[in-house]
Number of protein chains: 2
Amino acid sequence: MANIQQVAKQAGVSVATVSRVLNGQNTVSSKTKTKVEEAIKFLNYEPSMLGRNLRNSESRIILILIPNISNPFYLDIIKGIENMALSQGYNILLCETDSNPDKENIYFDLVRKKMADGIVSMDPAVNVDTLKELARTYAIIQCSEYGGGIGIPYVTIDSEEASYRAVKHLIQIGHTKIVLMNSDEKFLYARERKAGYQRALKEHGIALDKDYVIYTQELSFAHGQQAMKKILALQDRPTAVFAVSDLLAIGALKEINASGLHVPNDIAVVGFDKIDFSNMTNPTLTTVAQPMYKMGTTAAAMLIDKIKGREVDSVILDHELIIRESTSG
Amino acid sequence: MANIQQVAKQAGVSVATVSRVLNGQNTVSSKTKTKVEEAIKFLNYEPSMLGRNLRNSESRIILILIPNISNPFYLDIIKGIENMALSQGYNILLCETDSNPDKENIYFDLVRKKMADGIVSMDPAVNVDTLKELARTYAIIQCSEYGGGIGIPYVTIDSEEASYRAVKHLIQIGHTKIVLMNSDEKFLYARERKAGYQRALKEHGIALDKDYVIYTQELSFAHGQQAMKKILALQDRPTAVFAVSDLLAIGALKEINASGLHVPNDIAVVGFDKIDFSNMTNPTLTTVAQPMYKMGTTAAAMLIDKIKGREVDSVILDHELIIRESTSG
DNA sequence: GATAAAAATGTAATCGATTTCATTTTAATT
DNA sequence: AATTAAAATGAAATCGATTACATTTTTATC
């Protein structure tokens, strides 16, 4: 395991010159450059990032905070972040928090201890106070889910508008008894999506029925099933369900199928996120597509800007309603 | 951003003493220990891992090489690796190779450049020669998929036996016309699973029909659909399909449904891996469960042993056939 | 060929920790 | 109290790079 000293010796130059060759500085004559490159090859030398990182006070690692890797929603965002990061010489550390403050703290420590240069947070349950405190010293970007007004730049979509459009679509194909399968309103996106739901109903003169707004604890398949069971047991059965996540919607789908009813003839279903599996179900799922990959690249670019000390503004990206079998027989 | 020097000054001791307190060495008197701890708190000091890592010639990061994060198969393995790693003070860097040697090389460079202490490789398409070369110098463990006889320790299941049991199950419930939906036989697991399929057929006196072994380029939903299309077009339609991955099986399921046939009455389906979604399909999928979480923790433990210079042996874990709706009306 | 300017290279400090070895302090024993 | 052993602490080297500044070499100009 050769180091820069040995390369310098082998090439008959100083370590400074080797370093210059390593970093592509053009103040080295082509003759010495060749000598150094030969020495590097001869010794099979690989520069240690440990030394470089210490000297440069950077780790070239960025953290991605997500509640759960099992949720396919994050996949494309992660890919976006990763590709942008790689292209700029950064690597990503994927951090599953399980929405657990202790685990969260392990990862926060990584940035406190200089093992990471910044954080893209996608955890809606993140401790906002800690995040805010951390953001005073370190580079942090919120992605998809965000706390507003806490001064940390974010990239996201207009959830209210997306929700409005999804519900409007259901109304336009003739539904009036529409359930909103939402998650806990402690999350901003849940409140926004409810607002969009309400706006669509109001605009079309449909009264809000409390029984038609149902909350789930988690955005999972199992919770979707469970919620759908309750909905199917309602006195006045709705004819459509708008779930704020595809996983919930797929759970609902499964439950409706199991009860012998037909999607979309008996009950239409709309999801949210356009995860890969939303196209694999039977029937395929109508859903709101977020530009996840773009969101990822944007977040990463913003974060790297922040790391380099540049000013960064929040970004709101476009979304799109994807109409598939679950709302069109 | 305080460093160890400033803490030492503040506490009126030497940096060596501060370091000793930091590392919990018991050669420090409780009086000075308190002084140091107060200084640390007062200055809000966090030890830099950059300095520590350089001195210790370690990064405390381990790489996980997977072909594609979108494949849910890897999720529980990753969780296993991560939890074991965290418990031993290591962090994981998730590396998606896209089975692309160039991307692979980016990550190999991380270990060459000391930014990672070892690798858990789960990429079946990994360049075995490079891996072998790398394993001479660095700690590497193969997980799930492995190249045999290249001297790199692995943890996996007995694929031949698992496949044998899955096919035997189909035979026992009355099937004789059974398709094997396999992936490319350049992969060891594909060859092993085919061997198990053949053994089960042979044992029950069923002749091998070449038309009933079909190869897919990728273990994806789309390729499962595509392959199933071909199968449905066969002169003598089979009554059962054993796919070597759940994603393939779910693709097949979708295609069978779309053609108006019924699972399992017309065609039974068995998958492999027991990914989360195998329980969300309609019908739910019979599948072979690999002990993924355990595989992950085992691989991580083996890797850390290897990093610490200890001797490591390969491990073969148990598997289990999970019988669900797709083979039992 | 002398001189100045530009280019190339080297010396040594630095990043922030850990650790060996030497030294000082404390405790134990007589 | 003297002596010795044990415990606590410190000084300085070290890990492997980068870079400011100094110095040397090359090139350009007259």
Side-chain angles (χ1 to χ4, degrees), chain A residues 1-40 43-61 89 109-117 137, chain B residues 1-40 43-61 89 109-117 137:
Chain A
M1 228 51 41
N3 62 18
I4 199 172
Q5 315 278 354
Q6 297 166 38
V7 173
K9 197 171 175 187
Q10 172 75 26
V13 299
S14 73
V15 292
T17 301
V18 177
S19 177
R20 288 186 187 107
V21 172
L22 250 31
N23 294 290
Q25 274 170 268
N26 55 1
T27 67
V28 182
S29 76
S30 59
K31 209 192 302 169
T32 37
K33 192 174 165 192
T34 312
K35 271 197 302 182
V36 170
E37 279 163 349
E38 276 166 359
I40 288 175
L43 292 171
N44 223 319
Y45 167 72
E46 297 273 358
S48 157
M49 299 190 74
L50 296 176
R52 173 177 299 174
N53 288 347
L54 173 60
R55 173 60 213 225
N56 293 347
S57 294
E58 62 173 12
S59 62
R60 299 230 143 226
I61 284 182
D109 261 356
L110 248 37
V111 58
R112 292 194 190 102
K113 294 186 174 168
K114 310 274 163 34
M115 197 60 209
D117 294 344
T137 317
Chain B
M1 228 51 41
N3 62 17
I4 200 173
Q5 315 277 355
Q6 296 167 39
V7 174
K9 197 170 174 188
Q10 172 75 25
V13 300
S14 74
V15 292
T17 302
V18 176
S19 176
R20 290 186 186 106
V21 172
L22 250 30
N23 293 292
Q25 275 169 265
N26 54 0
T27 67
V28 182
S29 77
S30 59
K31 210 191 304 172
T32 37
K33 193 175 166 192
T34 313
K35 271 197 303 181
V36 170
E37 279 164 350
E38 276 167 0
I40 287 174
L43 290 171
N44 223 319
Y45 167 71
E46 298 272 359
S48 157
M49 300 190 73
L50 297 176
R52 172 177 299 175
N53 288 348
L54 173 59
R55 174 60 214 228
N56 293 348
S57 293
E58 62 173 13
S59 62
R60 298 231 143 225
I61 284 181
D109 262 355
L110 249 36
V111 58
R112 292 194 189 103
K113 294 186 174 166
K114 309 275 165 30
M115 198 58 207
D117 294 344
T137 317

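Chain A is the first sequence line, chain B the second, and so forth, proteins listed ahead of strands; every chain is numbered from 1. All heavy atoms count here, side chains included; hydrogens, waters and symmetry mates do not.
Residues A:Val36 and A:Arg20 are not in side-chain contact: their nearest non-hydrogen atoms beyond the backbone lie 4.5 Å or more apart. Side-chain contact between A:Glu46 and B:Asp109: present, with at least one pair of heavy atoms (C-beta onward) separated by less than 4.5 Å. Residues A:Ser19 and A:Ile4 have side chains in contact (heavy-atom distance under 4.5 Å, counting atoms from C-beta outward). Within the 4.5 Å cutoff, the side chain of A:Arg52 has heavy atoms near those of the A:Asn23 side chain.
For the pair A:Met115 CE and C:dG16 C1', the interatomic distance rounds to 14 Å; values are reported in whole Å. Across the protein-nucleic acid pair, A:Asn23 atom CG and D:dT19 atom C1' stand 10 Å apart, rounded to whole Å. D:dA17 atom P lies 15 Å from atom CD of A:Gln25, rounded to whole Å. To the nearest angstrom, C1' of C:dA17 lies 20 Å from CZ of A:Arg112. Rounded to whole Å, atom C1' of D:dT18 lies 11 Å from atom CD of A:Glu58. Here the P atom of nucleotide C:dA17 and the CZ atom of B:Arg60 are 16 Å apart, to the nearest Å. For the pair B:Leu50 CG and D:dG16 P, the interatomic distance rounds to 15 Å; values are reported in whole Å. Atom CD in B:Gln6 sits about 11 Å away from atom C1' in C:dG16, given to the nearest Å.
For B:Ser19, a side-chain nitrogen or oxygen approaches OP1 or OP2 of C:dT18 to under 4.0 Å. Residue A:Arg52 places none of its side-chain N or O atoms closer than 4.0 Å to OP1 or OP2 of D:dG16.
In this structure, B:Ile61 and B:Met115 approach most closely via the heavy-atom pair CB-O, 3.7 Å. Closest approach of B:Val7 to B:Tyr45, counting heavy atoms only: CG2-CG, 3.4 Å. Scanning both residues, B:Pro47 and B:Leu22, for their nearest heavy atoms gives CB-CD2, 4.2 Å.
The residue A:Asn53 sits apart from the nucleic acid: no heavy atom pair falls under 4.0 Å.
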Pairwise N/O distances under 3.5 Å, protein to nucleotides 8-15 of chain C:
unit_1 : atom_1 : unit_2  : atom_2 : d
C:dT9  : OP1    : A:Ser29 : OG     : 3.0
C:dT9  : OP1    : A:Thr32 : OG1    : 2.8
C:dT9  : OP2    : A:Ser29 : N      : 2.9
C:dT9  : OP2    : A:Ser29 : OG     : 3.4
C:dT9  : OP2    : A:Thr32 : OG1    : 2.6
C:dG10 : OP2    : A:Ser14 : N      : 2.7
C:dG10 : OP2    : A:Ser14 : OG     : 3.2
C:dG10 : OP2    : A:Thr17 : OG1    : 2.7
C:dG10 : N7     : A:Arg20 : NH1    : 3.4
C:dG10 : O6     : A:Arg20 : NH2    : 2.5
C:dT14 : O2     : A:Arg55 : NH1    : 2.6
C:dC15 : O2     : A:Arg55 : N      : 3.4

